[in-house]
Amino acid sequence: MKKVYAFLADGMEEVEALMVIDLLRRTNQLDVVTVSIKDELLVESSHNIKLYADQKIDEIDFSRGDCIFLPGGMPGTTNLGANETLMEQVVKYNEEGKLLAAICAAPSLFSKLGLLKDKNATSYPSFEEVMDCKNYGGGVVTDGNIVTAKGLGVALEMGLELIRILVDEKTAKDVAAAIQYQ
């Protein structure tokens with residue numbers, strides 16, 4: 001079973017995180033682990049919603065993962081980017097061709113790491129000028145091993161895209177039908 005690490009940071013956009021996590025877990029074919037980047041499991045979102053992660057970043061084995069997912073939000077994205085362990089692993093996952101996914105402000109972290117230079121990508125529009133990529137724009141953009149999404153309004157589509165990539169097209173369609181997404 002493929003493993004997805006979904007990283008949670010104080011100040012994250014909770015609906016972006018939870019929408020994608022929820023959809024991936026509905027497949028019953030992915031091991032989705034929520035990970036706090038702090039020394040505690042409790043994370044507070046940008047809208048003051050408290051969530052408990054499954055594990056802390058120092059408890060996971062990155063080598064067992066198949067995908068890193070970064071939700072956006074501010075200052076959540078800044079907090080994710082300040083975590084050296086996470087950023088080092090993002091670079092390593094890219095070098096290994098493992099799946100990287102980010103939504104809203106979080107794709108800017110991939111750009112900052114130089115991972116988008118030859119890729120098509122998107123982000124929340126106010127981050128466009130910091131996105132160093134081949135072509136910019138779109139709702140959900142997949143280019144090679146990197147999936148980026150514009151923001152909360154396309155979180156559902158991003159989740160379905162990740163299911164398509166990590167499991168298969170049929171499962172993505174089945175999940176979409178089960179939640180009445182046409």
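- Looking at residues two or more places apart in sequence or on another chain, you find no side chain to side chain donor-acceptor pair (under 3.5 Å) involving T27.
- Taken to the nearest 0.5 Å, the CG atom of D61 stands 10.0 Å off from the CD atom of Q55.
- Atom CG of L23 is separated from atom CG of L18 by 10.5 Å, given to the nearest 0.5 angstrom.
- Partners of F7 according to the ring-ring contact (aromatic ring centres under 6.0 Å, His included) rule, which considers only residues two or more places apart in sequence or in another chain, are F62.
- Closest non-hydrogen pair, A9 versus G76, comes out as CB-O, 3.7 Å.
- Applying the side chain to side chain donor-acceptor pair (under 3.5 Å) criterion to Y52, with sequence neighbours excluded, gives no partner residue.
- Hydrophobic cluster membership of M74, counting Ile, Leu, Val, Met, Phe, Trp and Tyr whose side-chain heavy atoms lie under 4.5 Å apart directly or via other members: Y124, F127, V130.
- Applying the salt bridge (charged side-chain N to carboxylate O under 4.0 Å, His left out) rule to E44 yields the partners K50; only residues at least two apart in sequence or on another chain are considered.
- Here E88 contributes atom CD and L113 contributes atom CG; the two are 10.0 Å apart, rounded to the nearest 0.5 Å.
- Checked against salt bridge (charged side-chain N to carboxylate O under 4.0 Å, His left out), D54 has the following partners two or more places apart in sequence or in another chain: R25.
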Problem - Working for side-chain contact (heavy atoms from CB on, under 4.5 Å), residues K2 and L99 - result: CA-CA 11 Å; K2 290 185 179 175; L99 191 62; over 6 Å; no
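- V33 and K3 make their closest contact through CG2-NZ, 4.2 Å (heavy atoms, listed as atom of the first residue, atom of the second, distance).
- Every pair passing salt bridge (Lys or Arg N to Asp or Glu O under 4.0 Å) that includes a residue from residues 102-124 is listed here, sequence neighbours excluded: K117-D132.
- Nearest approach of A106 to T77, heavy atoms of both residues: N-OG1, 3.5 Å.
- Take K92 and apply the salt bridge (charged side-chain N to carboxylate O under 4.0 Å, His left out) test, not counting sequence neighbours, and it matches no residue.
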Which donor-acceptor pairs under 3.5 Å do side chains of residues 169-177 form with protein atoms, sequence neighbours excluded?
unit_1 : atom_1 : unit_2 : atom_2 : d
K170   : NZ     : D174   : OD2    : 2.6
T171   : OG1    : Q29    : NE2    : 3.4
T171   : OG1    : D168   : OD1    : 2.7

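- Around atom CD of E84, no more than 12 heavy atoms belonging to other residues, nucleotides or ligands sit under 6.0 Å away.
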Name each donor-acceptor pair under 3.5 Å that joins a side chain in residues 135-155 to protein atoms two or more places apart or in another chain, with its distance.
unit_1 : atom_1 : unit_2 : atom_2 : d
N135   : ND2    : N120   : OD1    : 2.7
Y136   : OH     : S123   : O      : 3.0
Y136   : OH     : S123   : OG     : 3.0
T142   : OG1    : E161   : OE2    : 2.6
D143   : OD2    : N120   : N      : 2.7
D143   : OD2    : N120   : ND2    : 3.3
N145   : ND2    : N94    : OD1    : 3.1
N145   : ND2    : K98    : O      : 2.9
T148   : OG1    : T122   : N      : 2.9

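- Counting only heavy atoms from C-beta outward, the side chains of I103 and F69 approach each other to under 4.5 Å.
- One finds the CE atom of M87 at 7.5 Å from the CZ atom of F110 (value rounded to the nearest 0.5 Å).
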Considering only distance and modelled atom types, tabulate donor-acceptor pairs under 3.5 Å from the side chains of residues 36-43, sequence neighbours left out.
unit_1 : atom_1 : unit_2 : atom_2 : d
S36    : OG     : K38    : N      : 3.1
S36    : OG     : E40    : O      : 2.7
K38    : NZ     : D10    : OD1    : 3.3
K38    : NZ     : D10    : OD2    : 3.2
K38    : NZ     : L42    : O      : 2.8

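- Between P71 and E13 the shortest side-chain heavy-atom distance does not fall below 4.5 Å.
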Problem - Audit row: L30, D66, side-chain contact (heavy atoms from CB on, under 4.5 Å) steps and yes/no - result: CA-CA 10 Å; L30 297 167; D66 298 287; over 6 Å; no
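- For the pair L86/V90, a side-chain contact is recorded, criterion being any heavy-atom separation below 4.5 Å from C-beta on.
- A pairwise comparison of heavy atoms in L116 and P107 identifies CD1-O, 3.7 Å as the closest pair.
- Under the side chain to side chain contact (heavy atoms under 4.5 Å, CB included) criterion, I49 pairs with E14, S45, L51, not counting sequence neighbours.
- Scanning both residues, L109 and G81, for their nearest heavy atoms gives CD2-CA, 3.6 Å.
- The distance from the CD1 atom of I57 to the CG atom of N83 is 4.0 Å, given to the nearest 0.5 Å.
- Counting all heavy atoms, side chain and backbone alike, A101 lies closest to L162 at CB-CD2, 3.8 Å.
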